[in-house]
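Working notes for the structure below.
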Amino acid sequence: MAIQTSIYESFLSASASFKEEAGFLVPDIVNGIEQEYNTLRQGMGLLDYSSETMIKISGEGQYDFMEMIFPKEVEYIPYGQVVNTILCDEQGAIIAIVWILRDDDWFYILSDNIKRSEIVEWLKKYKTDNVVIEDVTEDFECIAIVGPETLDFLINYIDEDVIGLPYMGFEEAEVNDINFNLCRIGYLGEYEYRMILAKGEAKVLLDDIVESAKEFEMELQLCGNSVLNTLMFEMKSVNQKIDIGDKNPLELGLHWMIAFNKEIDFIGKSALTKMKDQGVENKVVLVAFDSEKDLNQIEANTPVFFEEQEIGSIFHTAYSYTEDKLIGQAFLDRQIAWPDMEFEVTTKSGSKEKITIVMAPLFITQTIIKASEE
Amino acid sequence: MSITITNEKIKEKVQSYEDITRRVKKLLIERLNLPLEVNEIADESILFGLGLGLDSVDALEIAVGLEQEFGVIVRDEDMRVFRSVISIVQFIITNMENK
């Protein structure tokens, strides 16, 4: 039976629909995609991230293990810092995109819920006797608050010191006797703070947050997880539930997740180095449709043409409310995949549609504007 | 697969993008002492936060470098330039076209 978190009832009362994902009932949509989109891009929304994968790595051999497994330097991550990297196999293919949190004497690995069993299986495959691997996903719950108003809220709710928590950082926090780990990570282009706490305790925290928001006269809405795809899309963040397929890390533009000069021989190192030296023939780019706005008109793997030559395909589409445009992620021949280049696709109804490569992120978000003004 | 480009203007544009992208990556590496090679930076690499992880001091250094290398001046209102490597490239190309 799918797990209901302690805040399931709160979302249910708000008329959320739910989806079963990785053994959890995850809030899918609460107030409609467009409204939730506007909330997260202009205000402040609260989401249930409790189903996200969380693995704890500890033991005497944890440092050597982590250095061998991941293509980024991990041993010297300072306490309270987060690193974003990939888990890949010997051929350099991505198993999962992960966040690595460095805690006192252990590491936490966070990832999307659908990657849980793959990550655990892979880690256990390479586990040595002096390493302890624990899947603690079901031992914790997680509330995320997302949006440009989030930091102002947290300054009031927690205290001013929260300003000092950098992006890719985490720290212990306590409000009204509720203890949690506050973690600032995300791919949405907005302030995104995750509050990780023991299983069963999220309800007390949620109720406290909702009451406090009312007291501060700040609007806070519950949001489902479905809308997150669009926000990630606009930032060209890789949604590992949809975007990876058989594309390699460099085709996805994830060079920065790999430390090619890392001395230790990590899994996939020689394959990734070869990929880098050979270069990629194709890459993922963001495209905007000239006039078509109906998502249903573009099928998965719609071919893309340049001067009547097929140069790739569109594998993912979303509607950007900010830009009022249909946008797509296309996997195209690198030779021609430059900004403002125009290509052609055929819609489901048979009409020719022009698409243009656009730069990512698609726009500067309210969070970035606010942060630069402060 | 080799793409055939018949339009001369597009051919030139593609060549410009290739050339300037390589030069911008080299500039970033040299100016900011990044422990990277040119082919370790994605064309769409984000400059700040996730991506290259640069900061506002680096942005100033980049602006100076762009002026010296390409003769383009980045003003305060050109904030968008510093979204990604390719946004810098596009800014340079647009400025060059407008001269």
Side-chain angles (χ1 to χ4, degrees), chain A residues 82 84 166-168 185-187 189 235-237 249-262 272-273 275-286 306-312 332-342 357-364 368-369 371-372, chain B residues 1-22 24-25 28-29 34-56 59 76-94 97:
Chain A
V82 185
N84 196 197
Y167 179 58
M168 309 272 277
I185 56 178
Y187 299 121
M235 301 295 111
K236 199 173 164 272
S237 297
L250 305 192
E251 290 168 333
L252 288 161
L254 298 180
H255 303 53
W256 57 274
M257 289 193 180
I258 303 160
F260 290 97
N261 59 0
K262 179 172 164 175
L272 290 169
T273 304
M275 272 179 212
K276 176 199 59 152
D277 292 339
Q278 286 176 347
V280 294
E281 287 183 9
N282 302 288
K283 65 176 184 179
V284 173
V285 291
L286 210 53
F306 169 73
E307 292 185 356
E308 294 179 6
Q309 300 162 85
E310 188 174 332
I311 57 157
L332 303 181
D333 191 303
R334 194 193 169 273
Q335 292 172 76
I336 197 81
W338 297 105
D340 300 333
M341 295 298 291
E342 289 179 353
I357 291 183
V358 292
M359 286 189 300
L362 209 50
F363 49 83
I364 295 180
I368 304 280
I369 293 170
S372 65
Chain B
M1 179 179 69
S2 187
I3 308 282
T4 307
I5 305 172
T6 54
N7 183 312
E8 282 305 316
K9 262 190 151 174
I10 293 178
K11 222 185 248 183
E12 272 175 35
K13 192 174 183 178
V14 165
Q15 197 48 57
S16 272
Y17 267 107
E18 286 276 5
D19 173 55
I20 292 174
T21 300
R22 191 172 40 249
V24 166
K25 288 179 186 178
L28 291 174
I29 291 166
L34 299 179
L36 297 168
E37 297 169 9
V38 165
N39 58 3
E40 291 172 11
I41 302 176
D43 299 337
E44 284 81 22
S45 276
I46 303 294
L47 299 178
F48 304 103
L50 285 179
L52 294 179
L54 306 181
D55 60 29
S56 52
D76 287 344
E77 54 266 37
D78 295 322
M79 196 180 147
R80 284 185 161 236
V81 174
F82 294 109
R83 279 189 289 184
S84 61
V85 170
I86 200 67
S87 66
I88 294 177
V89 175
Q90 194 187 42
F91 177 79
I92 293 165
I93 288 176
T94 306
E97 280 170 358

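Lettering follows sequence order; numbering is per chain, from 1.
Within the model, atoms CD of Glu40(B) and OG1 of Thr273(A) stand 8.0 Å from one another, a figure rounded to the nearest 0.5 Å. Rounding to the nearest 0.5 angstrom, the gap separating the CD1 atom in Ile86(B) from the CD1 atom in Ile357(A) is 9.5 Å. Remark: Trp338(A) CH2 to Glu18(B) CD distance equals 4.5 Å, nearest 0.5 Å. Between atom CD1 of residue Ile46(B) and atom CH2 of residue Trp256(A) there is a gap of 9.0 Å, rounded to the nearest 0.5 Å. Atom CG of Asp277(A) is separated from atom CD of Glu37(B) by 7.5 Å, given to the nearest 0.5 angstrom.
Counting all heavy atoms, side chain and backbone alike, Ile10(B) lies closest to Met341(A) at CG2-CE, 3.3 Å. The shortest non-hydrogen separation linking Glu44(B) to Val284(A) is OE1-O, 4.4 Å. What you find for Ser84(B) and Ala360(A) is that their closest heavy atoms are OG-O, 3.7 Å. In terms of heavy atoms, Asp43(B) sits closest to Lys283(A) at OD2-NZ, 2.8 Å.
Here Thr21(B) is the residue among Ile93(B), Thr21(B), Val89(B) with the most heavy-atom pairs under 4.5 Å with chain A. Comparing Pro339(A), Gly253(A), Ala259(A), Pro361(A) by how many heavy-atom pairs each has under 4.5 Å with chain B, the most go to Pro339(A).
Remark: the backbone N or O of Thr6(B) is paired with a side-chain donor or acceptor of Glu307(A) at under 3.5 angstrom. Arg83(B) contributes no side-chain N or O that, together with a main-chain N or O of Ile364(A), makes up a donor-acceptor pair within less than 3.5 Å. A donor-acceptor contact shorter than 3.5 Å is absent between the side chain of Asp333(A) and the backbone of Ile3(B). A side-chain donor-acceptor contact under 3.5 Å links Gln309(A) to the backbone of Thr4(B).
Residue contact with chain B, scored on non-hydrogen atoms closer than 4.5 Å, involves the side chain of Val285(A) exclusively.
The ring pair (Phe, Tyr, Trp, His ring centres under 6.0 Å) search around Tyr187(A) returns Trp99(A), not counting sequence neighbours. Every salt bridge (Lys or Arg N to Asp or Glu O under 4.0 Å) that Glu342(A) has, sequence neighbours left out, goes to Lys354(A).
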Should Leu36(B) and His255(A) be marked as a side-chain contact (heavy atoms from CB on, under 4.5 Å) after you check the CA-CA gap, both sets of side-chain angles, and the distance that decides it?
CA-CA 10 Å; Leu36(B) 297 168; His255(A) 303 53; over 6 Å; no
Can you list the steps and then say if Gln335(A) with Ile5(B) is a side-chain contact (heavy atoms from CB on, under 4.5 Å)?
CA-CA 10 Å; Gln335(A) 292 172 76; Ile5(B) 305 172; over 6 Å; no
